[in-house]
There are 2 protein chains.
Amino acid sequence: MSHSAIEHLTEPQQRILSFISHYMDEHDVPPTIREIQKGAGISSTSMVSYHLKALERANLLNRYERRSRGVVLTHAHRVSPRDIVSVPIVGRIVASEPAPTPDPDALADAENTIQIARSLVGSADGLYALEVQGDSMIDALINDGDIVIMRRTDEIKNGDLAAVFLTDRNESTLKRVYREKDGKRLKLKPENPTMKPFYVDAHHAMIQGKVICVIRKT
Amino acid sequence: MSHSAIEHLTEPQQRILSFISHYMDEHDVPPTIREIQKGAGISSTSMVSYHLKALERANLLNRYERRSRGVVLTHAHRVSPRDIVSVPIVGRIVASEPAPTPDPDALADAENTIQIARSLVGSADGLYALEVQGDSMIDALINDGDIVIMRRTDEIKNGDLAAVFLTDRNESTLKRVYREKDGKRLKLKPENPTMKPFYVDAHHAMIQGKVICVIRKT
DNA sequence: ATAATAAGCGAACATGCGTTCTATGTCAAG
DNA sequence: CTTGACATAGAACGCATGTTCGCTTATTAT
(Lines give C-alpha, C1' and ligand atoms only; values in the text may rest on other atoms or scores of the structure.)
Protein backbone atom coordinates (compact mmCIF):
# COMPACT_ATOMS: atom_id res chain seq x y z
CA MET A 1 0.00 0.00 0.00
CA SER A 2 1.08 3.56 -0.43
CA HIS A 3 -0.95 6.75 -0.34
CA SER A 4 -4.63 6.99 0.49
CA ALA A 5 -5.98 6.16 3.93
CA ILE A 6 -7.38 8.68 6.28
CA GLU A 7 -5.75 11.90 5.26
CA HIS A 8 -8.01 14.05 7.30
CA LEU A 9 -11.60 13.31 6.58
CA THR A 10 -13.92 16.16 7.25
CA GLU A 11 -16.41 15.61 9.97
CA PRO A 12 -19.47 15.19 7.73
CA GLN A 13 -17.52 12.69 5.68
CA GLN A 14 -16.89 10.60 8.75
CA ARG A 15 -20.55 10.78 9.58
CA ILE A 16 -21.41 9.55 6.12
CA LEU A 17 -18.97 6.69 6.35
CA SER A 18 -20.23 5.61 9.69
CA PHE A 19 -23.82 5.93 8.59
CA ILE A 20 -23.29 3.75 5.55
CA SER A 21 -21.60 1.15 7.66
CA HIS A 22 -24.40 1.02 10.20
CA TYR A 23 -27.04 1.09 7.52
CA MET A 24 -25.46 -1.89 5.83
CA ASP A 25 -25.32 -3.84 9.08
CA GLU A 26 -29.00 -3.32 9.48
CA HIS A 27 -30.35 -3.59 5.96
CA ASP A 28 -27.79 -5.58 3.99
CA VAL A 29 -28.36 -3.07 1.23
CA PRO A 30 -26.46 0.16 0.75
CA PRO A 31 -28.41 3.37 1.37
CA THR A 32 -29.52 5.82 -1.30
CA ILE A 33 -28.14 9.30 -1.55
CA ARG A 34 -31.22 10.72 0.07
CA GLU A 35 -31.11 8.23 2.89
CA ILE A 36 -27.54 9.21 3.54
CA GLN A 37 -28.61 12.81 3.46
CA LYS A 38 -31.10 12.30 6.24
CA GLY A 39 -29.15 9.69 8.17
CA ALA A 40 -25.90 11.57 8.27
CA GLY A 41 -27.52 14.98 8.56
CA ILE A 42 -26.34 16.43 5.29
CA SER A 43 -28.23 19.41 3.97
CA SER A 44 -28.66 18.46 0.35
CA THR A 45 -28.29 15.55 -2.00
CA SER A 46 -25.71 17.40 -3.97
CA MET A 47 -23.57 17.71 -0.88
CA VAL A 48 -23.80 13.99 -0.34
CA SER A 49 -22.69 13.50 -3.91
CA TYR A 50 -19.88 15.88 -3.27
CA HIS A 51 -18.63 14.10 -0.19
CA LEU A 52 -19.06 10.72 -1.77
CA LYS A 53 -16.79 11.81 -4.56
CA ALA A 54 -14.17 12.79 -2.03
CA LEU A 55 -14.50 9.52 -0.17
CA GLU A 56 -14.14 7.66 -3.41
CA ARG A 57 -10.96 9.52 -4.18
CA ALA A 58 -9.69 8.52 -0.76
CA ASN A 59 -10.38 4.93 -1.69
CA LEU A 60 -12.75 4.40 1.15
CA LEU A 61 -15.62 3.35 -1.03
CA ASN A 62 -16.48 2.40 -4.56
CA ARG A 63 -19.31 3.79 -6.59
CA TYR A 64 -21.24 2.37 -9.45
CA GLU A 65 -22.15 5.39 -11.48
CA ARG A 66 -25.75 6.16 -11.96
CA ARG A 67 -26.89 3.04 -10.25
CA SER A 68 -29.17 3.26 -7.33
CA ARG A 69 -27.52 2.41 -4.05
CA GLY A 70 -24.28 2.16 -5.91
CA VAL A 71 -22.04 2.76 -2.92
CA VAL A 72 -20.01 0.02 -1.32
CA LEU A 73 -17.42 0.40 1.35
CA THR A 74 -14.01 -0.80 0.37
CA HIS A 75 -13.45 -1.25 4.03
CA ALA A 76 -11.56 -4.49 4.16
CA HIS A 77 -13.54 -6.08 6.92
CA ARG A 78 -16.21 -7.04 4.49
CA VAL A 79 -16.29 -10.80 4.26
CA SER A 80 -17.50 -12.63 1.26
CA PRO A 81 -19.29 -15.93 1.63
CA ARG A 82 -16.37 -17.57 -0.06
CA ASP A 83 -14.24 -16.95 2.97
CA ILE A 84 -16.08 -19.52 4.95
CA VAL A 85 -16.69 -22.99 3.66
CA SER A 86 -19.25 -25.31 5.12
CA VAL A 87 -17.94 -28.81 5.14
CA PRO A 88 -20.44 -31.62 5.52
CA ILE A 89 -19.65 -34.14 8.20
CA VAL A 90 -20.55 -37.23 6.27
CA GLY A 91 -20.03 -39.78 8.99
CA ARG A 92 -17.69 -41.37 11.44
CA ILE A 93 -14.47 -43.09 10.78
CA VAL A 94 -13.82 -46.16 12.89
CA ALA A 95 -11.02 -48.63 12.55
CA SER A 96 -13.18 -51.58 11.72
CA GLU A 97 -14.94 -50.43 8.59
CA PRO A 98 -14.39 -48.30 5.50
CA ALA A 99 -14.72 -44.59 6.09
CA PRO A 100 -17.84 -43.11 4.60
CA THR A 101 -17.39 -40.98 1.53
CA PRO A 102 -19.65 -38.14 0.56
CA ASP A 103 -22.90 -38.92 -1.15
CA PRO A 104 -23.02 -36.57 -4.10
CA ASP A 105 -26.78 -36.36 -3.91
CA ALA A 106 -27.10 -35.49 -0.28
CA LEU A 107 -27.25 -31.76 0.08
CA ALA A 108 -25.36 -30.41 3.01
CA ASP A 109 -27.89 -30.09 5.74
CA ALA A 110 -26.94 -27.45 8.20
CA GLU A 111 -27.05 -29.85 11.12
CA ASN A 112 -24.02 -31.86 10.17
CA THR A 113 -21.69 -29.29 8.91
CA ILE A 114 -18.55 -27.71 10.17
CA GLN A 115 -17.60 -24.19 9.22
CA ILE A 116 -14.00 -23.42 8.58
CA ALA A 117 -12.17 -20.46 7.20
CA ARG A 118 -11.26 -20.95 3.61
CA SER A 119 -7.71 -19.93 4.33
CA LEU A 120 -7.20 -23.17 6.22
CA VAL A 121 -8.11 -25.47 3.39
CA GLY A 122 -7.56 -23.75 0.07
CA SER A 123 -10.14 -24.80 -2.45
CA ALA A 124 -13.52 -25.99 -1.22
CA ASP A 125 -13.69 -28.64 -3.92
CA GLY A 126 -14.33 -32.15 -2.77
CA LEU A 127 -14.11 -31.37 0.90
CA TYR A 128 -15.87 -33.45 3.47
CA ALA A 129 -15.38 -34.16 7.11
CA LEU A 130 -15.30 -37.26 9.26
CA GLU A 131 -15.65 -37.57 12.96
CA VAL A 132 -13.19 -39.97 14.46
CA GLN A 133 -14.63 -42.61 16.69
CA GLY A 134 -12.43 -44.55 19.05
CA ASP A 135 -8.79 -44.46 19.92
CA SER A 136 -7.62 -46.46 16.99
CA MET A 137 -6.16 -43.52 15.12
CA ILE A 138 -4.11 -42.50 18.07
CA ASP A 139 -0.96 -43.50 16.29
CA ALA A 140 -1.75 -40.73 13.82
CA LEU A 141 -2.08 -38.38 16.78
CA ILE A 142 -5.77 -38.23 16.22
CA ASN A 143 -8.06 -38.62 19.16
CA ASP A 144 -11.55 -39.87 19.72
CA GLY A 145 -13.92 -37.09 18.68
CA ASP A 146 -11.52 -35.24 16.44
CA ILE A 147 -12.83 -33.90 13.16
CA VAL A 148 -10.82 -34.75 10.10
CA ILE A 149 -11.24 -32.58 7.04
CA MET A 150 -10.75 -34.69 3.95
CA ARG A 151 -10.56 -34.01 0.28
CA ARG A 152 -11.88 -36.53 -2.16
CA THR A 153 -9.13 -37.18 -4.64
CA ASP A 154 -7.84 -39.98 -6.76
CA GLU A 155 -4.26 -39.07 -6.80
CA ILE A 156 -2.19 -38.93 -3.72
CA LYS A 157 1.27 -37.55 -3.57
CA ASN A 158 3.91 -39.45 -1.72
CA GLY A 159 3.85 -38.46 1.88
CA ASP A 160 0.24 -37.30 1.94
CA LEU A 161 -1.74 -38.23 4.98
CA ALA A 162 -4.69 -40.23 3.75
CA ALA A 163 -7.59 -42.33 4.88
CA VAL A 164 -6.85 -45.84 3.73
CA PHE A 165 -9.09 -48.87 3.97
CA LEU A 166 -7.18 -52.13 4.09
CA THR A 167 -9.37 -54.72 2.47
CA ASP A 168 -7.40 -57.68 3.70
CA ARG A 169 -7.66 -56.68 7.32
CA ASN A 170 -11.00 -54.93 6.99
CA GLU A 171 -9.62 -51.89 8.69
CA SER A 172 -9.64 -48.10 8.18
CA THR A 173 -6.64 -46.10 9.13
CA LEU A 174 -5.02 -42.72 8.66
CA LYS A 175 -1.42 -42.94 7.56
CA ARG A 176 1.09 -41.20 5.41
CA VAL A 177 1.20 -43.03 2.11
CA TYR A 178 4.27 -43.66 0.00
CA ARG A 179 4.27 -45.62 -3.20
CA GLU A 180 7.14 -48.03 -3.37
CA LYS A 181 9.28 -48.03 -6.48
CA ASP A 182 7.92 -51.36 -7.66
CA GLY A 183 4.44 -49.87 -7.74
CA LYS A 184 2.97 -52.88 -6.04
CA ARG A 185 3.28 -51.97 -2.46
CA LEU A 186 2.47 -48.95 -0.37
CA LYS A 187 4.40 -47.86 2.63
CA LEU A 188 2.09 -46.65 5.37
CA LYS A 189 3.79 -44.54 7.94
CA PRO A 190 2.12 -43.58 11.20
CA GLU A 191 2.33 -39.95 12.21
CA ASN A 192 3.71 -40.89 15.54
CA PRO A 193 7.45 -41.05 15.03
CA THR A 194 7.82 -43.70 17.68
CA MET A 195 5.91 -46.19 15.58
CA LYS A 196 7.32 -48.14 12.70
CA PRO A 197 6.01 -47.89 9.14
CA PHE A 198 4.67 -50.99 7.47
CA TYR A 199 3.91 -52.15 3.97
CA VAL A 200 0.76 -53.34 2.29
CA ASP A 201 -0.10 -54.69 -1.11
CA ALA A 202 -1.46 -51.88 -3.27
CA HIS A 203 -4.41 -54.06 -4.20
CA HIS A 204 -5.48 -54.33 -0.64
CA ALA A 205 -5.48 -50.60 0.01
CA MET A 206 -8.33 -48.33 -0.96
CA ILE A 207 -7.36 -44.72 -0.68
CA GLN A 208 -10.47 -42.92 0.35
CA GLY A 209 -9.35 -39.37 0.61
CA LYS A 210 -6.61 -37.09 1.65
CA VAL A 211 -6.44 -35.44 5.03
CA ILE A 212 -6.34 -31.69 4.71
CA CYS A 213 -6.66 -30.70 8.28
CA VAL A 214 -7.48 -32.05 11.70
CA ILE A 215 -9.55 -30.15 14.18
CA ARG A 216 -9.98 -30.94 17.83
CA LYS A 217 -12.46 -29.06 19.94
CA THR A 218 -11.77 -29.37 23.63
CA MET B 1 -36.83 -25.47 12.33
CA SER B 2 -40.00 -26.74 10.86
CA HIS B 3 -41.69 -25.88 7.59
CA SER B 4 -40.25 -23.84 4.73
CA ALA B 5 -37.07 -24.92 2.99
CA ILE B 6 -36.92 -26.07 -0.55
CA GLU B 7 -40.38 -27.30 -1.22
CA HIS B 8 -39.97 -27.60 -4.94
CA LEU B 9 -38.64 -24.43 -6.37
CA THR B 10 -39.33 -24.06 -10.02
CA GLU B 11 -36.35 -24.01 -12.25
CA PRO B 12 -36.45 -20.27 -13.04
CA GLN B 13 -36.75 -19.59 -9.34
CA GLN B 14 -33.57 -21.48 -8.70
CA ARG B 15 -31.89 -19.52 -11.47
CA ILE B 16 -33.00 -16.30 -9.84
CA LEU B 17 -31.73 -17.35 -6.47
CA SER B 18 -28.42 -18.41 -7.80
CA PHE B 19 -28.12 -15.26 -9.86
CA ILE B 20 -28.76 -13.01 -6.91
CA SER B 21 -26.21 -14.88 -4.88
CA HIS B 22 -23.54 -14.58 -7.52
CA TYR B 23 -24.41 -10.98 -8.21
CA MET B 24 -23.99 -10.14 -4.55
CA ASP B 25 -20.65 -11.87 -4.41
CA GLU B 26 -19.47 -9.71 -7.21
CA HIS B 27 -21.08 -6.38 -6.55
CA ASP B 28 -21.90 -6.29 -2.85
CA VAL B 29 -25.17 -4.71 -3.87
CA PRO B 30 -28.35 -6.60 -4.65
CA PRO B 31 -29.46 -6.56 -8.29
CA THR B 32 -32.46 -4.69 -9.64
CA ILE B 33 -35.47 -6.45 -11.02
CA ARG B 34 -34.32 -5.79 -14.55
CA GLU B 35 -30.84 -7.05 -13.85
CA ILE B 36 -32.35 -10.23 -12.51
CA GLN B 37 -34.48 -10.44 -15.58
CA LYS B 38 -31.49 -10.41 -17.88
CA GLY B 39 -29.13 -12.29 -15.64
CA ALA B 40 -31.46 -15.16 -14.88
CA GLY B 41 -33.06 -15.18 -18.30
CA ILE B 42 -36.56 -14.22 -17.27
CA SER B 43 -38.80 -12.85 -19.96
CA SER B 44 -40.34 -9.88 -18.24
CA THR B 45 -39.99 -7.78 -15.15
CA SER B 46 -43.41 -8.80 -14.01
CA MET B 47 -42.36 -12.41 -14.05
CA VAL B 48 -39.39 -11.57 -11.90
CA SER B 49 -41.71 -9.83 -9.49
CA TYR B 50 -43.92 -12.85 -9.57
CA HIS B 51 -41.15 -15.28 -8.75
CA LEU B 52 -39.69 -13.00 -6.16
CA LYS B 53 -43.00 -13.03 -4.40
CA ALA B 54 -42.96 -16.80 -4.36
CA LEU B 55 -39.41 -16.91 -3.07
CA GLU B 56 -40.32 -14.50 -0.35
CA ARG B 57 -43.21 -16.70 0.70
CA ALA B 58 -40.77 -19.59 0.85
CA ASN B 59 -38.65 -17.51 3.20
CA LEU B 60 -35.65 -17.61 0.97
CA LEU B 61 -35.37 -13.88 0.70
CA ASN B 62 -36.68 -10.67 2.16
CA ARG B 63 -37.96 -7.72 0.23
CA TYR B 64 -38.16 -4.07 1.10
CA GLU B 65 -41.24 -2.95 -0.73
CA ARG B 66 -40.84 -0.32 -3.31
CA ARG B 67 -37.22 0.22 -2.58
CA SER B 68 -34.72 -0.15 -5.30
CA ARG B 69 -32.62 -3.27 -4.99
CA GLY B 70 -34.73 -4.26 -2.05
CA VAL B 71 -33.98 -7.96 -2.20
CA VAL B 72 -31.76 -9.69 0.31
CA LEU B 73 -31.24 -13.39 0.62
CA THR B 74 -32.22 -14.84 3.94
CA HIS B 75 -30.16 -17.79 3.04
CA ALA B 76 -27.93 -18.42 5.99
CA HIS B 77 -24.88 -18.45 3.79
CA ARG B 78 -24.66 -14.75 4.17
CA VAL B 79 -21.61 -14.16 6.23
CA SER B 80 -21.11 -11.27 8.53
CA PRO B 81 -17.65 -10.21 9.54
CA ARG B 82 -18.42 -11.51 12.97
CA ASP B 83 -18.49 -15.06 11.67
CA ILE B 84 -14.77 -15.18 11.15
CA VAL B 85 -12.34 -14.39 13.88
CA SER B 86 -8.71 -13.65 13.25
CA VAL B 87 -6.61 -15.14 15.98
CA PRO B 88 -3.10 -13.83 16.40
CA ILE B 89 -0.37 -16.45 16.52
CA VAL B 90 1.64 -14.97 19.32
CA GLY B 91 4.48 -17.40 19.30
CA ARG B 92 5.64 -20.94 19.65
CA ILE B 93 5.18 -23.24 22.53
CA VAL B 94 8.12 -25.46 23.33
CA ALA B 95 8.57 -27.74 26.26
CA SER B 96 11.53 -25.97 27.74
CA GLU B 97 10.15 -22.51 28.37
CA PRO B 98 6.91 -20.75 29.33
CA ALA B 99 4.47 -20.37 26.49
CA PRO B 100 4.16 -16.83 25.24
CA THR B 101 1.00 -14.99 26.13
CA PRO B 102 -0.54 -12.25 24.06
CA ASP B 103 0.87 -8.78 24.30
CA PRO B 104 -2.16 -6.55 24.74
CA ASP B 105 -0.47 -3.73 22.87
CA ALA B 106 0.55 -5.65 19.82
CA LEU B 107 -2.09 -5.27 17.18
CA ALA B 108 -2.80 -8.36 15.22
CA ASP B 109 -0.72 -8.04 12.13
CA ALA B 110 -2.17 -9.95 9.28
CA GLU B 111 0.96 -11.98 8.76
CA ASN B 112 0.73 -13.97 11.92
CA THR B 113 -2.89 -14.64 12.17
CA ILE B 114 -5.05 -17.65 11.70
CA GLN B 115 -8.63 -17.32 10.54
CA ILE B 116 -11.17 -19.59 12.03
CA ALA B 117 -14.91 -19.79 11.89
CA ARG B 118 -16.48 -18.33 14.96
CA SER B 119 -18.61 -21.41 15.36
CA LEU B 120 -15.55 -23.39 16.33
CA VAL B 121 -14.54 -21.23 19.24
CA GLY B 122 -17.54 -19.39 20.61
CA SER B 123 -16.59 -15.96 21.83
CA ALA B 124 -13.56 -14.27 20.32
CA ASP B 125 -12.57 -12.82 23.67
CA GLY B 126 -9.08 -13.51 24.82
CA LEU B 127 -8.23 -15.83 21.98
CA TYR B 128 -4.70 -16.34 20.82
CA ALA B 129 -2.86 -19.08 19.05
CA LEU B 130 0.42 -20.89 19.57
CA GLU B 131 2.38 -22.94 17.17
CA VAL B 132 3.71 -26.09 18.71
CA GLN B 133 7.37 -26.73 18.26
CA GLY B 134 8.83 -30.14 18.82
CA ASP B 135 7.41 -33.47 19.70
CA SER B 136 7.17 -32.85 23.39
CA MET B 137 3.40 -32.42 23.43
CA ILE B 138 2.91 -35.69 21.69
CA ASP B 139 1.46 -37.17 24.85
CA ALA B 140 -1.37 -34.65 24.42
CA LEU B 141 -1.76 -35.92 20.87
CA ILE B 142 -0.38 -32.69 19.59
CA ASN B 143 2.24 -32.80 16.93
CA ASP B 144 5.09 -30.59 15.86
CA GLY B 145 3.61 -27.77 13.82
CA ASP B 146 0.10 -27.98 15.17
CA ILE B 147 -1.71 -24.76 15.95
CA VAL B 148 -3.29 -24.53 19.37
CA ILE B 149 -6.06 -22.02 19.86
CA MET B 150 -5.98 -20.77 23.43
CA ARG B 151 -8.11 -18.55 25.55
CA ARG B 152 -6.58 -16.35 28.17
CA THR B 153 -8.43 -17.05 31.34
CA ASP B 154 -7.79 -17.13 35.03
CA GLU B 155 -10.19 -19.77 36.01
CA ILE B 156 -9.97 -23.24 34.75
CA LYS B 157 -12.62 -25.83 35.26
CA ASN B 158 -11.62 -29.29 36.32
CA GLY B 159 -10.83 -31.31 33.27
CA ASP B 160 -9.99 -28.41 31.00
CA LEU B 161 -7.04 -28.89 28.74
CA ALA B 162 -4.63 -26.10 29.56
CA ALA B 163 -1.15 -24.83 28.90
CA VAL B 164 0.73 -25.16 32.14
CA PHE B 165 4.22 -23.99 32.92
CA LEU B 166 5.88 -25.97 35.64
CA THR B 167 8.24 -23.64 37.43
CA ASP B 168 10.11 -26.33 39.26
CA ARG B 169 11.00 -28.23 36.14
CA ASN B 170 11.09 -25.18 33.86
CA GLU B 171 8.79 -26.88 31.43
CA SER B 172 5.67 -26.05 29.41
CA THR B 173 3.11 -28.69 28.81
CA LEU B 174 -0.46 -29.20 27.70
CA LYS B 175 -2.45 -31.34 30.08
CA ARG B 176 -5.91 -31.73 31.48
CA VAL B 177 -5.94 -30.04 34.85
CA TYR B 178 -7.80 -31.18 37.92
CA ARG B 179 -7.63 -29.46 41.27
CA GLU B 180 -7.21 -31.92 44.08
CA LYS B 181 -9.52 -31.64 47.05
CA ASP B 182 -6.80 -30.34 49.30
CA GLY B 183 -6.35 -27.41 46.97
CA LYS B 184 -2.63 -27.72 47.13
CA ARG B 185 -1.97 -30.04 44.31
CA LEU B 186 -3.02 -30.29 40.72
CA LYS B 187 -3.50 -33.47 38.84
CA LEU B 188 -2.19 -33.22 35.31
CA LYS B 189 -3.53 -35.82 32.99
CA PRO B 190 -2.12 -36.42 29.54
CA GLU B 191 -4.60 -36.71 26.71
CA ASN B 192 -3.09 -39.95 25.65
CA PRO B 193 -4.94 -42.57 27.67
CA THR B 194 -1.94 -44.85 27.72
CA MET B 195 -0.04 -42.40 29.85
CA LYS B 196 -0.43 -41.99 33.57
CA PRO B 197 -1.50 -38.75 35.23
CA PHE B 198 0.83 -37.10 37.69
CA TYR B 199 0.62 -34.52 40.42
CA VAL B 200 2.30 -31.21 40.93
CA ASP B 201 2.32 -28.64 43.66
CA ALA B 202 -0.13 -25.86 42.80
CA HIS B 203 2.56 -23.29 43.51
CA HIS B 204 4.78 -24.69 40.87
CA ALA B 205 2.18 -24.59 38.12
CA MET B 206 1.34 -21.45 36.16
CA ILE B 207 -1.78 -21.89 34.15
CA GLN B 208 -1.25 -19.86 31.04
CA GLY B 209 -4.42 -20.42 29.14
CA LYS B 210 -7.02 -22.88 28.19
CA VAL B 211 -6.95 -24.89 25.01
CA ILE B 212 -10.04 -24.24 22.93
CA CYS B 213 -9.14 -26.08 19.84
CA VAL B 214 -6.26 -27.75 18.05
CA ILE B 215 -5.72 -27.43 14.34
CA ARG B 216 -3.38 -29.46 12.25
CA LYS B 217 -2.75 -28.60 8.65
CA THR B 218 -1.27 -31.44 6.68
C1' DA C 1 -9.35 44.19 0.07
C1' DT C 2 -9.69 41.00 -3.74
C1' DA C 3 -9.39 37.09 -6.17
C1' DA C 4 -9.37 32.30 -6.09
C1' DT C 5 -10.82 28.06 -4.22
C1' DA C 6 -13.44 25.10 -1.53
C1' DA C 7 -17.89 24.13 0.74
C1' DG C 8 -22.84 24.35 0.91
C1' DC C 9 -27.72 24.81 -1.11
C1' DG C 10 -31.76 23.69 -3.53
C1' DA C 11 -34.19 22.97 -7.57
C1' DA C 12 -34.66 20.74 -12.00
C1' DC C 13 -33.82 16.87 -14.86
C1' DA C 14 -33.27 12.31 -16.65
C1' DT C 15 -33.11 7.84 -15.72
C1' DG C 16 -33.49 3.99 -12.74
C1' DC C 17 -36.50 0.80 -11.12
C1' DG C 18 -40.52 -1.41 -8.62
C1' DT C 19 -45.35 -2.03 -9.45
C1' DT C 20 -49.50 -2.81 -11.78
C1' DC C 21 -52.60 -3.68 -15.47
C1' DT C 22 -54.23 -5.92 -19.51
C1' DA C 23 -53.94 -9.60 -22.71
C1' DT C 24 -52.59 -14.37 -23.84
C1' DG C 25 -51.47 -19.12 -23.14
C1' DT C 26 -51.79 -23.81 -20.44
C1' DC C 27 -53.70 -27.35 -18.25
C1' DA C 28 -56.57 -29.96 -15.21
C1' DA C 29 -61.19 -30.35 -13.04
C1' DG C 30 -66.12 -30.15 -13.78
C1' DC D 1 -66.52 -27.14 -23.87
C1' DT D 2 -66.21 -24.19 -20.01
C1' DT D 3 -64.22 -22.56 -15.99
C1' DG D 4 -60.74 -21.22 -13.15
C1' DA D 5 -56.22 -21.32 -11.15
C1' DC D 6 -51.57 -20.52 -12.72
C1' DA D 7 -47.83 -19.09 -15.59
C1' DT D 8 -46.29 -15.56 -19.16
C1' DA D 9 -45.66 -11.18 -21.81
C1' DG D 10 -45.13 -6.53 -22.60
C1' DA D 11 -46.04 -2.02 -21.72
C1' DA D 12 -47.22 1.89 -19.10
C1' DC D 13 -47.23 4.39 -14.76
C1' DG D 14 -45.07 6.82 -11.21
C1' DC D 15 -42.26 7.26 -7.42
C1' DA D 16 -37.14 6.65 -6.36
C1' DT D 17 -32.82 8.19 -6.97
C1' DG D 18 -28.31 9.79 -8.96
C1' DT D 19 -26.64 13.90 -11.41
C1' DT D 20 -26.08 18.56 -12.87
C1' DC D 21 -26.16 23.36 -12.65
C1' DG D 22 -26.65 27.91 -11.14
C1' DC D 23 -26.02 30.45 -7.01
C1' DT D 24 -24.59 31.75 -2.27
C1' DT D 25 -21.37 31.53 1.52
C1' DA D 26 -17.05 30.48 3.96
C1' DT D 27 -11.68 30.17 3.65
C1' DT D 28 -7.36 31.11 2.14
C1' DA D 29 -3.85 33.06 -0.53
C1' DT D 30 -2.02 37.32 -2.78
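Every chain is numbered from 1, with letters handed out A, B, ... down the list of sequences.
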Tell me which residues in residues 45-53 of chain A lie within less than 4.0 Å of DNA chain D, going by non-hydrogen atoms. A:T45, A:S46, A:S49
d(CD, A:E11; C1', D:dA26) in whole Å: 17 Å
Give a yes or no on whether a donor-acceptor pair under 3.5 Å exists between the nucleobase atoms of C:dG18, that is its base, and the side chain of B:R67. no
Given C:dG18, C:dG16, D:dT19, which nucleotide is nearest the side-chain atoms of A:R34? D:dT19
Rounded distance in Å - NZ (B:K38) to P (C:dG18): 12 Å
Rounded to whole angstrom units, what separation is found between the CD atom of B:Q37 and the C1' atom of D:dG10? 10 Å
Taking all heavy atoms of A:V71 and all of A:R63, pick out the closest pair and write down the distance. CG1-NE, 3.6 Å
Let me know the distance between CG of B:L61 and P of C:dG18, rounded to the nearest Å. 13 Å
May I ask you to decide if B:T45's main-chain N or O and B:R34's side chain share a donor-acceptor pair within less than 3.5 Å? no
A:I116 side, atom CD1; A:I215 side, atom CD1 - distance, nearest 0.5 Å: 5.0 Å
Between A:D168 and A:D201, is any pair of side-chain heavy atoms under 4.5 Å apart? no
Separation of D:dA7 atom C1' from B:R15 atom CZ, nearest Å, is 14 Å
Is it the case that atom NZ in B:K189 sees more than 12 heavy atoms from other parts of the structure closer than 6.0 Å? no
Which pairs, with at least one residue in residues 43-71 of chain B and sequence neighbours excluded, count as a ring-ring contact (aromatic ring centres under 6.0 Å, His included)? A:H27-B:Y64
Please give, in whole Å, the distance from C:dA14 P to A:E65 CD? 18 Å
For C:dC17, take OP1 and OP2 only and decide whether either is under 4.0 Å from a side-chain N or O of B:R63. no
If you look at every strand shown and take non-hydrogen atoms under 4.0 Å, does B:S44 touch a base, only sugar-phosphate, or nothing? base
With a 4.0 Å cutoff (strictly under), does any side-chain N or O of A:R66 reach OP1 or OP2 of D:dT19? no
Below 4.0 Å: OP1/OP2 of C:dG16 and any side-chain N or O of B:T32: no
Nearest-Å distance, CD1 (B:I33) to C1' (D:dC15)? 15 Å
Would you say B:E11 has more than 12 foreign heavy atoms packed within less than 6.0 Å of its CD? yes
